[in-house]
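Below is one structure, written out as structure tokens, with a few remarks after it.
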Amino acid sequence: MKIIKKIWPGLCFLSIGALFLGLFKQFPSLTDSFYTNGVFAVLRFFYDFTIGYLPFAFIYIVLPVLLYFLLKSGLRSYKEGQILGVATFMFNFLTCFLFLFYFFWGYNYYGHSVKDRMGLEIPKLDGAYLKSELEKQYAVLLEKRLEISSDSILVIPDNDRAQENVIRKELEVVLSRLNYSVKGKVRVRGLFPGALMRLRTSGIYIPYVFEGHFDSSIHPLQWNNTMAHEMAHGYGVTDEGECNFLAYLVCNNIDDSYVQYSGEMSYFRYLARAVIRYDNAYYNTFRAQLDIRIVSDLDQINLYLNKYDELMPKARDKIYDNYLKANGVSEGILSYDRMVELIAAERLQ
């Protein structure tokens, strides 16, 4: 009984969290109405119009405070009950941590997907389609590139970071058509160089601070597309491939050649990855024939992406893959590549 008294907060979090998890898994429509457009939308609105006005990423406040709390509470628990005290504290903390993840955002995994809301039928894509689509996309990419500049080195617009409000406005238009609540004002913050790239990612949405983030060391050409992707997470879209798909639609709908080029480049790179898996020799021959401007931009993006050494990349991929699969994303980290299938499905529709 003494142990139960010590861990009752954790047990309470587990019980409530499991109850809602079970309900939302069984009834996606309940997730959409009660949680995504209800509880989550209220939390989103409250945060965005209070803390969201901070001129810097909220994680810079939350992380030091959390570390201080963990250290102080952990030491106190150790002094009071030694090993048992520390174990009790960790149990309560981890269950609270898990509950808040789902309460602040994670239950969105169990609502209807963007694919379902759009009524898309995912086609089976073969190597021939991917090669043909890559060639078509290259023509689109080159056209957009020439609209910006004919110089071999891409000049970055001075106002590029100011596109956050433009992207948000267009994303809200797209999401409102899919019956997502868009009453908030999701922020996407740039983090210090290398903060995310060492973890082999260019962007991340952190539910505990209700904000999206991108590593400021990625190539500026990726800012707009990454911003749109993380912003989609902030409005409740969980699937990585669907966020890529929405980012592509948003960038294409904005009347700005540079922003459009950002979206088209992202699609081109995912197509290239898909083609490489089917026929690497074909892709090598294809890439050797690309216009010098496109090659320069691709090389610059890769140069920025490879600027920092990765920390335990295999462990990171394994953990994230299992996390996605545990939340119903059967493809795991390969779900990022579903962007190609979703674009094909949308065009066929």
Q) Which one of Asn108, Asn179, Thr31, Thr238 satisfies the side-chain hydrogen bond (donor to acceptor under 3.5 Å, both in side chains) criterion with Thr36? A) Asn108

Q. Among Lys144, Glu143, Glu147, which one satisfies side-chain hydrogen bond (donor to acceptor under 3.5 Å, both in side chains) with Gln260?
A.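 Single side-chain hydrogen bond (donor to acceptor under 3.5 Å, both in side chains) partner of Gln260 among Lys144, Glu143, Glu147: Lys144.
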
Taking the side chain as every heavy atom from C-beta outward, state whether [X] and [Y] have any pair of such atoms under 4.5 Å apart.
X	Y	answer
Phe34	Leu23	no
Val114	Tyr180	yes
Leu54	Ile61	yes
Thr285	Tyr282	no
Phe91	Leu14	yes
Val174	Leu246	yes
Ser202	Ile218	yes
Arg269	Ile301	yes

Q. Side chain to side chain contact (heavy atoms under 4.5 Å, CB included) between Glu211 and Ile59: does it pass, once the steps are laid out?
A. CA-CA 8 Å; Glu211 292 180 347; Ile59 190 67; 5.8 Å; no

Q: Please assess Leu298 against Met265 for the test side chain to side chain contact (heavy atoms under 4.5 Å, CB included), listing each intermediate value before the final yes or no.
A: CA-CA 9 Å; Leu298 287 170; Met265 177 60 80; 3.6 Å; yes

Atom [atom1] of [X]: over 12 foreign heavy atoms under 6.0 Å:
X	atom1	value
Tyr68	OH	no
Leu19	CG	yes
Asp151	CG	yes
Asp309	CG	no
Gln349	CD	yes

Between the side chains of [X] and [Y], does any donor sit under 3.5 Å from an acceptor?
X	Y	answer
Asn224	Ser262	no
Asp297	Tyr261	yes
Arg168	Asn165	yes
Glu264	Gln137	yes

Q: Kindly assign one of parallel, tilted or perpendicular to the pair Trp105 and His233, based on the angle between their ring planes and the thresholds 30° and 60°.
A: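 Perpendicular.
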
Using only atom types and a distance under 3.5 Å, with no angle test, would you say the side chain of [X] pairs donor to acceptor with the backbone of [Y]?
X	Y	answer
Ser216	Leu191	yes
Asp215	Leu196	yes
Ser176	Val173	yes
Asp32	His112	yes
Thr226	Trp223	no

Q. Can you check ring pair (Phe, Tyr, Trp, His ring centres under 6.0 Å) on Tyr248 and Tyr267, steps first, answer last?
A. CA-CA 7 Å; Tyr248 176 75; Tyr267 179 42; 5.2 Å; yes

Q) Taking it one step at a time, do Leu146 and Arg293 satisfy side chain to side chain contact (heavy atoms under 4.5 Å, CB included)? A) CA-CA 9 Å; Leu146 293 174; Arg293 303 168 187 82; 3.7 Å; yes

If you measure from [atom1] on [X] to [atom2] on [Y], what distance do you get to the nearest 0.5 Å?
X	Y	atom1	atom2	answer
Ser296	Leu290	OG	CG	12.0 Å
Asp279	Asn284	CG	CG	9.0 Å
Met231	Glu170	CE	CD	12.0 Å
Glu341	Tyr270	CD	OH	13.0 Å
Tyr235	Phe40	OH	CZ	9.5 Å

Salt bridge or not for [X] and [Y], using N-O below 4.0 Å?
X	Y	answer
Asp299	Arg287	yes
Arg117	Glu242	no
Asp291	Arg145	no
Arg187	Glu164	yes

**Q.** Result of checking Ser217, Pro193, Pro220 against Tyr304 for side chain to side chain contact (heavy atoms under 4.5 Å, CB included)
**A.** Pro220

Q | Stepwise side chain to side chain contact (heavy atoms under 4.5 Å, CB included) check, His229 with Met339 | A | CA-CA 11 Å; His229 175 111; Met339 170 194 194; over 6 Å; no

Q: Mark yes or no: Arg189 above the aromatic ring of Tyr60, with NZ or CZ under 6.0 Å from the six-membered ring centre and no more than 45 degrees from the axis.
A: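 Because its charged atom misses either the 6.0 Å distance or the 45° angle limit, Arg189 does not stack over Tyr60.
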
Q: Among Tyr109, Tyr110, Tyr107, find the one that has a ring-ring contact (aromatic ring centres under 6.0 Å, His included) with Phe24.
A: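 Result: among Tyr109, Tyr110, Tyr107, Tyr107 is the only option passing the ring-ring contact (aromatic ring centres under 6.0 Å, His included) with Phe24.
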
